[in-house]
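Below is one structure, written out as structure tokens; the observations come after it.
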Amino acid sequence: MDQEKEKKITALREILAEAKRVVVAFSGGVDSTFLLKMAVEVLGAEQVLAVTGQSPTYPAWELAEAKELASALGVRQLIIDTEELEQEDFAANPPERCYFCKQELFSRLRQIAQKEGALAVLDGTNRDDLGDYRPGRKAARELGVRSPLLEAGLTKDDIRFFSFALGLPTWNKPACACLSSRFPYGTRITPEKLLQVERGEDFLRSLGFVQFRLRHHGALARIEIDPEQFSLLLAKASAVVSELKATGFAYVALDLEGYRTGSMNETLVMSGAPAKDGDTCQICQGPYG
């Protein structure tokens, strides 16, 4: 291990040790799983509670994996039903949509932490997350949620490196995101549309695709996959089209730019430098990050 990584992991251990007793926002993804594992290692399982939100925006397969991971780590897990779709500010899908989702989630986690006698609520934000539009960061700041991985300067590559060293099965897990991220801003989010996306992505996953997104543009399904898998998709085009049309799409398209995180944020035009934490969105006039 190089000195830079050693410095970061030491800083993370110190941050967690200071927290003493914590509630971890746990999705079962690469970042939150690593954070949960480190919290257990530093504080002991009895001082850690994993809380996972359950709603139509969270794929069923990912919830099942989160349960398995929490069990494997020997951590008590609380599953809560979140109600972001009941909020008009969220369902209308404005550019700051994630702020309203995180505001509800983190408020619930703060209440749980108070009941548990926990000193901190933690989330898995890492340093690389600052490079994309993350309105949920504002909610975290407002509600005092700490991001130990970010505070320690850990990048996604660092987290995968340490996850591998710790034997975590998530070390090479593809990046995941809430299903609401599949819709263009301004497109209303409904349980029916979310189920349509989930069913389509489940089918693509069953065909062997690993890192991909199914973006919902009304009657059009836009598929983002690794360019190296274009040939596989084209070879299975007939089955893909048939399945996606059965879910309700009229048209199916392959995005020739391939998979990339936050592609729906490409419509949020910034003047000058790329968006970063604290910048102002030229569309919603709200803060980035």
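Just so you know, these numbers come straight off a predicted model, no measurement behind them.
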On a heavy-atom basis, the closest approach of Phe90 and Leu85 is CE2-CD2, 3.8 Å
Residue pairs meeting ring-ring contact (aromatic ring centres under 6.0 Å, His included), one or both in residues 17-59, sequence neighbours left out, come to none
*May I ask you to test the Leu149-Thr125 pair for a side-chain heavy-atom distance under 4.5 Å?*
no
Original post:
Yes or no on side chain to side chain donor-acceptor pair (under 3.5 Å) for Asp81 and Gln54, after CA distance, side-chain angles and deciding distance?
Top reply: CA-CA 5 Å; Asp81 291 314; Gln54 176 177 245; 2.7 Å; yes
Would you kindly say whether Ser32 and Ser27 are connected by a side-chain donor-acceptor distance under 3.5 Å? yes
| query | Is a donor on one side and an acceptor on the other found under 3.5 Å between the side chain of Ser107 and the backbone of Gln103? | reply | yes
query: Would one find more than 12 heavy atoms of other residues, nucleotides or ligands at under 6.0 Å from atom CZ of Phe230?
result: yes
| Tell me, do Lys8 and Arg127 make a side-chain contact under 4.5 Å, heavy atoms counted? | yes
Next item on the list: Check whether any side-chain heavy atom of Pro169 lies under 4.5 Å from a side-chain heavy atom of Leu69, and answer yes or no.
Entry: yes
Quick one, Leu78 and Val23 - any side-chain contact, counting heavy atoms below 4.5 Å? no
In this structure, OG of Ser181 is separated from CG of Asn265 (nearest 0.5 Å) by 9.0 Å
Contacts of Phe106 meeting ring pair (Phe, Tyr, Trp, His ring centres under 6.0 Å) (sequence neighbours excluded), chain-then-number -> none
Value for CG (Leu12) from CD (Glu151), rounded to nearest 0.5 Å, stands at 9.5 Å
Item checked: Any donor-acceptor pair under 3.5 Å from Glu224 side chain to Asp255 backbone -> no
Here the gap from Leu43 atom CG to Leu119 atom CG, rounded to the nearest 0.5 Å, amounts to 10.0 Å
Problem set entry | Short side-chain donor-acceptor distance under 3.5 Å, Thr187 and Asn93 | no
N-O pairing of Glu243 and Arg199 below 4.0 Å: yes
**Asked** Are Val51 and Gln77 side-chain neighbours, meaning at least one heavy-atom pair lies under 4.5 Å?
**Response** no
Check: Quick one: are Phe212 and Leu214 in side-chain contact, heavy atoms under 4.5 Å?
Finding: no
Rounding to 0.5 Å, atoms CG (Leu105) and SG (Cys98) come to a distance of 11.5 Å
Exercise for review: Could you tell me whether a side-chain N or O of Ser147 sits under 3.5 Å from a main-chain N or O of Leu150, the two making a donor and an acceptor?
Suggested key: no
- Between Leu244 and Val240, is any pair of side-chain heavy atoms under 4.5 Å apart? yes
From CA spacing to verdict: salt bridge (charged side-chain N to carboxylate O under 4.0 Å, His left out), Arg260, Glu266
CA-CA 10 Å; Arg260 65 265 189 210; Glu266 292 166 6; 2.9 Å; yes
Task: Pair Arg76 + Glu116, salt bridge at N-O below 4.0 Å - done: yes
### Message
Is the positively charged end of Lys5 above the ring of Phe162, judged by distance under 6.0 angstrom from the centroid and angle within 45° of the axis?
### Response
no
NZ/NE/NH1/NH2 to OD/OE distance under 4.0 Å, Glu46 and Arg21: no
Would you check if Gln229 and Leu232 make a side-chain contact, meaning some heavy-atom pair closer than 4.5 Å? yes
Interatomic distance, OG@Ser263 vs CD@Glu257, rounded to 0.5 Å, equals 8.5 Å
Does a salt bridge link Arg97 with Glu84, judged by any charged N lying under 4.0 Å from a carboxylate O?
no
To the nearest 0.5 Å, atom CD of Gln196 lies from atom NE2 of His216 at 3.5 Å
Is it true that Lys138 and Glu96 make a salt bridge, defined as a side-chain N closer than 4.0 Å to a carboxylate O?
no
